[in-house]
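Down below is the structure, laid out as structure tokens.
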Amino acid sequence: MGRLLDDLSRKMQHKANNGAQDPLKVLIHSTHDTALAALCSTLDVFDEQWPAFTASITFELFKKAAVTPQRAADASFSQIVLSNFKSRPVPEFCTLVPLKTVNTDLSHDATDIRMRYQNKNMILPACAEKGKHLPGSPEFCTLAAFGERVKELTPTDFESECTPAGRFGI
């Protein structure tokens, strides 16, 4: 899983650094149930249930938007209009938007990822510590914390670390 996660992490970091200048909008990998189970296991969120037919994992990249007076006014109007349709307060993570603006609040890493498995938010244990996820929303892992975990899982020399003993090549 190291190579897949490394590729994913590098592409997300590139998108976070370059924003709209990076033309990549969606990245899709197709695989089998065995790889989905292995990926969940690698990230310590496997529930010991075999992935169902059509199971999917989604990694989403978010950048916290700076709140401007106009944005606050727009949000207030939307909250008034939609208030009859909601039964609970809007969670803090709803202020996140897919990579649009730069956050001026330096108390939290401005870029987060969220892993979803079968349309359920997954809380990554590697992001459980304070400062490694969005305060109040542990399913939003900082990109830096995710990158740290991926680095731990990725071989530095794939050929030597992953070749079975006694084999000289793959």
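Hydrogens, waters and symmetry mates play no part in the numbers below; they use all other heavy atoms, side chains included.
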Check: Is there a side-chain contact between Thr34 and Trp50 (heavy atoms, below 4.5 Å)?
Finding: yes

Check: Are Phe59 and Phe46 linked, directly or through other ILVMFWY residues, by side chains that come within less than 4.5 angstrom of each other?
Finding: no

Next item on the list: Find out whether Arg3 and Thr154 are in side-chain contact, i.e. whether some heavy atom of one side chain is under 4.5 Å from a heavy atom of the other.
Entry: no

Notebook entry, point to check: For the atom pair NE2 (His133) and CZ (Arg114), what is the distance rounded to the nearest 0.5 Å?
Noted result: 15.0 Å

Next item on the list: Would you check, one step at a time, whether the test side chain to side chain donor-acceptor pair (under 3.5 Å) holds for Thr142 with Lys132?
Entry: CA-CA 5 Å; Thr142 65; Lys132 291 190 173 190; over 6 Å; no

Next item on the list: Give a yes or no answer on whether the side chain of Glu139 reaches the backbone of Met115 with a donor-acceptor pair at less than 3.5 Å.
Entry: no

Next item on the list: Side-chain contact test, heavy atoms from C-beta onward, threshold under 4.5 Å: evaluate it for Ile123 versus Val45 and give yes or no.
Entry: no

Notebook entry, point to check: Any sub-3.5 Å donor-acceptor pair from Ser9's side-chain atoms to Leu5's backbone N or O?
Noted result: no

Note to self: I'd like to know if Lys11 and Asp7 make a salt bridge, using a cut-off of under 4.0 Å between side-chain N and carboxylate O.
What the structure shows: yes

Note to self: Could you check whether any side-chain heavy atom of Leu124 comes within less than 4.5 Å of a side-chain heavy atom of Phe146, counting everything from C-beta outward?
What the structure shows: yes

Notebook entry, point to check: Thinking salt bridges, do Arg149 and Glu152 make one under a 4.0 Å N-O criterion?
Noted result: yes

Check: How long is the gap from CG on Leu4 to NE2 on His29, to the nearest 0.5 Å?
Finding: 5.5 Å

Check: Are any non-hydrogen side-chain atoms of Thr58 and Glu60 less than 4.5 angstrom apart?
Finding: yes

Notebook entry, point to check: Between Ile57 and Arg116, is any pair of side-chain heavy atoms under 4.5 Å apart?
Noted result: no

Item checked: Leu39 side chain reached by Thr31 side chain, heavy atoms, under 4.5 Å -> no

Checklist line | Pairing of Asp47 and Lys120 as salt bridge, 4.0 angstrom limit | finding: no

